[in-house]
Colleague: 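Can you keep this structure in mind? I'll have questions shortly.
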Amino acid sequence: EKGGFPHFMLKEIYEQPEAIRDTLRGRLDPESGRVDLSDAALSPEFFEGLRKIFFVACGTSYHAGLVGKYLLEALAGIPVEVDLASEFRYRDPLVDEGTLAVVISQSGETADTLAGLRLARDKGARVLGIVNVLGSTIAREAHRVIYTHAGPEIGVASTKAFTSQLTVILLLALYLGGLSGRLSPERARLLARELVEFPGLLQKLIPKVHPLLKELSEHYFRQENFLYLGRNILFPVALEGALKLKEISYIHAEGYAAGEMKHGPIALIEESVPTVALAPRESGVVYEKMVSNIEEVRSRRGPVLAFGTQGDEHLAGLSTDFVGLPPVSWEISPLLYTVPLQLFAYEMAVRRGCDVDQPRNLAKSVTVE
Ligand code: M6R
């Protein structure tokens with residue numbers, strides 16, 4: 001059942017190219033760049049009069065929502081708020097008929113997320129679910145559902161469900177970007193082509209970087225504290241990388257926006273606190289800022305494991321360890337940078353003898369508060 005893999009989590013990490021491909025299938029035409037969401041009964045009318053989007057979710061699905069804010073605001077020009085479902089449900093969020101609530105859940109059964117859905121619906125919002133489990137409660141109660149086609153996810157740590165959620169959010173951003181006219185047809189075409197080719201790229205990349213991450217885990221597995229830093233659209237990916245490490249290896253890991261370093265976390269830096277830094281060279285001004293952050297960490301003797309663009313000798317030279325990844329567009333970078341962080345967390349947990357698929361105290365589906 002694990003298809004020759006020692007754990008479901010590893011199998012599911014390796015299944016991501018297929019999961020992304022299945023999630024894209026029939027929904028994106030790379031020739032025209034056009035997105036078709038008719039399988040979710042979505043047409044432009046559903047989005048008429050839309051003034052604001054709320055993403056509501058928990059855990060890893062919440063991180064997908066955070067990425068969604070960057071994508072939808074940039075591509076479609078619609079203001080986006082992202083809320084943890086457990087916070088959203090107990091405040092009085094400014095939701096009305098002009099609001100689209102996008103509720104993200106792998107299981108479709110998470111109690112807080114379901115309560116958030118009902119609250120948004122009762123306040124008159126349109127509710128769109130991004131759900132993996134067919135016919136689940138959230139899928140049934142949302143006005144519309146875009147299914148992620150990740151297939152069953154058994155490992156408690158969400159991997160392929162997350163990257164499939166990111167894929168749906170990219171489709172939604174392309175769709176709404178087209179509707180709003182903010183996204184040019186040329187850019188849409190380029191992105192569509194890159195997205196369709198991405199599973200192939202990932203398929204080659206995973207077996208290539210896996211041995212390297214395994215080797216790195218040998219250096220790092222005894223550490224008890226990690227900082228994960230990213231900026232802009234890779235800030236949520238840093239949060240997700242830290243969550244993955246803590247939930248399966250029980251290592252304390254904090255994700256931070258790198259620009260916050262001087263506002264507190266830099267006080268933690270010393271030889272025994274490694275920093276994982278996400279710094280693609282294509283990220284423009286933010287790249288320079290990440291480089292400065294890495295220098296600051298190194299000058300305080302903090303080890304840095306950097307993930308950046310392959311061939312970036314400057315970054316490789318600055319960092320203690322470096323993992324090079326192919327250059328991709330800003331929009332696609334969360335999909336790419338997530339995967340090596342999953343492999344790193346996995347190998348760290350295995351090295352520490354943890355029960356990777358069934359971490360202590362956690363359940364796959366959190367159906368109670
Ligand atoms: O099924 P859901 O997507 O609603 O689940 C949300 C969280 O419980 C889930 O993502 C959790 O954080 C994972 N264990 C993270 O790997």
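Every number for a ligand or one of its atoms is a count from 1 in the order of the listing.
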Colleague: Just jot down the salt bridge (charged side-chain N to carboxylate O under 4.0 Å, His left out) partners of Glu48, sequence neighbours excluded, or say none.
Modeller: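 So Glu48 forms no salt bridge (charged side-chain N to carboxylate O under 4.0 Å, His left out) with any residue.
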Colleague: Could you label the plane-to-plane angle of the Phe5 and Tyr14 rings as parallel, tilted or perpendicular, counting under 30° as parallel and over 60° as perpendicular?
Modeller: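 Ring orientation, 0 to 90° scale: tilted.
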Colleague: Is it the case that the ring center of Tyr175 lies less than 6.0 angstrom away from the ring center of Phe47?
Modeller: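 Ring centres of Tyr175 and Phe47 closer than 6.0 Å.
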Colleague: Could you give all pairs that pass the salt bridge (charged side-chain N to carboxylate O under 4.0 Å, His left out) test and reach residues 233-247, with sequence neighbours left out?
Modeller: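 Counting only pairs at least two positions apart or across chains, the salt bridge (charged side-chain N to carboxylate O under 4.0 Å, His left out) contacts touching residues 233-247 are Glu240-Lys244, Lys244-Glu247.
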Colleague: Tell me the salt bridge (charged side-chain N to carboxylate O under 4.0 Å, His left out) pairs involving residues 214-225, sequence neighbours left out?
Modeller: Glu218-Arg351, Glu224-Arg352
Colleague: If only atom types and distance count, is the side chain of Lys69 paired as donor or acceptor with the main-chain N or O of Val80 below 3.5 Å?
Modeller: yes
Colleague: Mind jotting down which protein residues get a heavy-atom contact under 4.0 Å with ligand 1? Chain and number order, please.
Modeller: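 If the criterion is a heavy atom under 4.0 Å, then ligand 1 touches Cys58, Gly59, Thr60, Ser61, Ser105, Gln106, Ser107, Thr110, Val156, Ala157, Ser158, Lys244, Glu247.
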